[in-house]
Amino acid sequence: MAKKDESVYRQEKIVEILNFIHQGGDFEIAKTMFNETFEHVDVAEITMAERQLIANGLDPQEIQNLCNVHAAVFKGAISNDSQTPAFEKPGHPVATMKLENMVITSLIEDELLPVLKKWQQDGQNPTYLERMRQALKDLATIDYHYNRKESTLFPLMDKYGITAPPQVMWGVDDKIRDLIKRANSLVNQEPLPDKYEIEAAVEEACKEVTEMIFKEEAIMIPMLDEVAKASDWQLVRQDEEEMRYTLISKPIMWRPTTEELAQDANKEPSEIAQQLNEMAKNLARQEELDEGLEEERVNSDGSEKSSPQTQVVIPGLKNAEISFPSGKLSLTELTAVLKALPLELTFVDKNDRVKYFTGNPNPLFPRTRSVLGRKVFNCHPPRALPYVKKIFADFHAGKETKVTRWFNLHDSVFVYIQYLALHDEAGNYLGCLETVQDITDLRNLTGERRRVE
């Protein structure tokens with residue numbers, strides 16, 4: 001069988017097995033089907049099969065629901081031959097992720113589950129309950145681990161056309177967050193619910209966390225290893241600097257060596273990388289067709305078109321000044337003003353791509369430079385997509401110009417969010433401005449304060 005024919009056959013067989021699973025087929029039969037055909041599979045083959053299922057109309061939520069079944073079918077047969085020494089260096093995003101996973105695994109296997117069993121057998125000892133509460137509280141910090149993955153690695157996967165796994169994995173991350181939150185709630189109730197209900201909740205949360213560790217290390221990281229360059233990992237590490245970590249200290253700053261960066265320029269894309277990049281190109285072409293040709297933004301001499309009322313004036317190359325109808329600001333002043341606002345601002349352009357964010361210190365919702373140029377829909381978890389898509393559809397259609405939300409975040413911060421449709425003087429849609437504000441203190445204001453004391 002020719003190499004291309006063999007590749008096609010393998011792909012079709014994986015799709016056949018996944019379809020069998022999604023149609024309710026028996027797990028052991030699926031495992032037998034796999035073992036009869038494959039000794040090993042590459043992570044990209046699984047990714048492409050899942051992409052094909054989604055392209056054929058399967059809801060990503062369905063893949064998410066059976067994600068652990070997929071992992072179990074392929075477990076032990078997934079090729080994982082990374083030859084990237086940088087992954088073992090302290091401070092590299094992959095080394096950091098694996099270190100966190102090691103600590104999380106120890107927390108589950110060496111503390112939480114053993115203490116759960118001891119508490120089940122001796123419910124009269126309050127020490128076991130307190131230790132279990134503390135372990136679950138520690139486990140809840142896995143949110144930082146998932147936030148970094150979703151904010152830095154998912155955009156990197158998107159860059160190379162790997163779009164299905166982030167959709168599925170983000171949904172599972174949210175499921176795990178909910179499971180841990182429920183387990184925490186149960187062990188802190190007064191009076192305590194049935195022991196078996198607590199046991200089932202804790203064990204389910206631990207099982208899902210452990211399965212996700214496998215998916216990250218056996219599937220996601222090798223997949224990224226096929227396509228990402230040293231310069232990509234450098235950007236990921238820089239973006240991590242403003243983020244938090246799970247149960248470990250902030251790692252040292254990692255930078256690629258001169259030799260590693262030089263290898264980027266000479267690196268021949270692997271066959272898998274070429275396939276993924278071709279998928280990305282086709283996707284980009286389709287998006288251009290969907291969006292229509294973008295309006296020309298430059299003058300005939302190549303300079304950027306500007307509004308007659310707002311323009312950038314550069315008398316030298318050092319002092320750029322922006323002239324507004326109501327005054328002037330230098331770029332330095334404008335940057336300081338935007339950062340000083342008690343708001344987090346994000347601008348999404350008319351093509352629904354993230355174009356700008358203010359980069360406030362200690363943001364409620366961290367943004368990384370990796371999101372710039374990314375479709376806004378890929379920046380949200382699957383459960384939020386219908387809501388987000390409706391907002392932007394209504395903005396494009398002119399049905400809405402403002403949408404607001406408010407809710408408690410982490411049970412201590414009250415957040416107020418506005419989505420504002422922006423238009424030029426002729427009424428043409430320019431994009432959406434998202435504002436995020438902590439109004440906890442504002443809600444508690446009473447009386448008046450007219451003087452500064």
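It should be emphasised that the depicted structure is a prediction, and the values quoted were computed from it without experimental measurement.
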Worked verdict on E130 versus R133 for salt bridge (charged side-chain N to carboxylate O under 4.0 Å, His left out):
CA-CA 5 Å; E130 287 306 312; R133 285 171 174 168; 2.7 Å; yes
Distance (rounded to the nearest 0.5 Å) between F365 CZ and L409 CG
5.0 Å
Rounded to the nearest 0.5 angstrom, the CD1-CE distance for I221 and M97 is 6.0 Å
Is any side-chain heavy atom of E434 less than 4.5 Å from a side-chain heavy atom of V348?
no
Atom of L136, atom of I180 and distance for their closest heavy-atom approach
O-CG2, 4.1 Å
The reported gap from CZ in F154 to CE in M169 (rounded to nearest 0.5 angstrom) is 5.5 Å
Can we say D349 and K355 salt-bridge, meaning some charged N sits less than 4.0 Å from an Asp/Glu carboxylate O?
no
Shortest non-hydrogen separation from T404 to Y387 and the atoms involved:
O-OH, 4.3 Å
Residue pair T440 / V413: nearest heavy atoms and the distance that separates them
OG1-CA, 3.4 Å
OG1/T346 to CD1/I417 distance, rounded to the nearest 0.5 angstrom?
10.0 Å
If you look at every heavy atom in E260 and A86, which pair is closest and at what distance?
OE2-CB, 3.6 Å
Can you give me the closest heavy-atom contact between K350 and H396, atom names plus distance?
O-CE1, 3.0 Å
With rounding to the nearest 0.5 Å, note down the distance linking CD in E216 to NZ in K149.
3.5 Å
Less than 4.5 Å apart, side chain to side chain, heavy atoms only: is that true for I104 and T246?
yes
Salt bridge (charged side-chain N to carboxylate O under 4.0 Å, His left out) contacts in which one or both residues fall within residues 101-111, not counting sequence neighbours
E111-R131
May I ask you to decide whether K175 forms a salt bridge with E211, counting only side-chain N to carboxylate O separations under 4.0 Å?
no
Just by distance, with hydrogens left out, do T152 and D239 show a side-chain donor and acceptor under 3.5 Å apart?
no
Using the side chain to side chain contact (heavy atoms under 4.5 Å, CB included) rule, take R383 and D178 through it: C-alpha gap first, then chi angles, then the decisive distance, then the call.
CA-CA 12 Å; R383 67 172 67 175; D178 289 343; 2.7 Å; yes
Beyond-backbone contact of Y144 with Y245, side-chain heavy atoms, under 4.5 angstrom
no
Anything under 30° is parallel, anything over 60° is perpendicular, the rest tilted; go ahead and classify Y429 against F395.
tilted
Decide yes or no for E241 and M253: does some side-chain heavy atom of the first lie under 4.5 Å from some side-chain heavy atom of the second?
yes
Close side-chain approach of K159 and D232, heavy atoms under 4.5 Å
yes
When you look at R177 and E208, which way does the salt bridge (charged side-chain N to carboxylate O under 4.0 Å, His left out) test go after all the steps?
CA-CA 10 Å; R177 289 177 172 109; E208 290 292 336; over 6 Å; no
For a side chain to side chain contact (heavy atoms under 4.5 Å, CB included) check, start with the C-alpha distance between R255 and R237, then their side-chain angles and the critical distance, and finish with the verdict.
CA-CA 8 Å; R255 293 181 179 84; R237 179 61 188 91; over 6 Å; no
Step-by-step side chain to side chain contact (heavy atoms under 4.5 Å, CB included) determination, S370 to L156
CA-CA 7 Å; S370 303; L156 182 54; over 6 Å; no
Reported CG-to-CD1 distance for the pair L99 and I248, which is rounded to 0.5 angstrom
4.5 Å
Do R367 and F357 form a cation-pi contact, if we require the NZ or CZ to be under 6.0 Å from the six-membered ring centre and within 45 degrees of the ring's axis?
no
State whether E240 and K250 are salt-bridged, where the test is any N-O pair (Lys NZ or Arg NE/NH1/NH2 against Asp/Glu carboxylate O) under 4.0 Å.
no
K390 with D394: basic N within carboxylate O range, under 4.0 Å
yes
Taking the basic N atoms (NZ, or NE/NH1/NH2) and the acidic carboxylate oxygens, is any pair closer than 4.0 Å for E203 and K207?
no
Identify the heavy atoms of L113 and C206 that sit nearest to each other, and give their distance.
CD2-SG, 3.8 Å
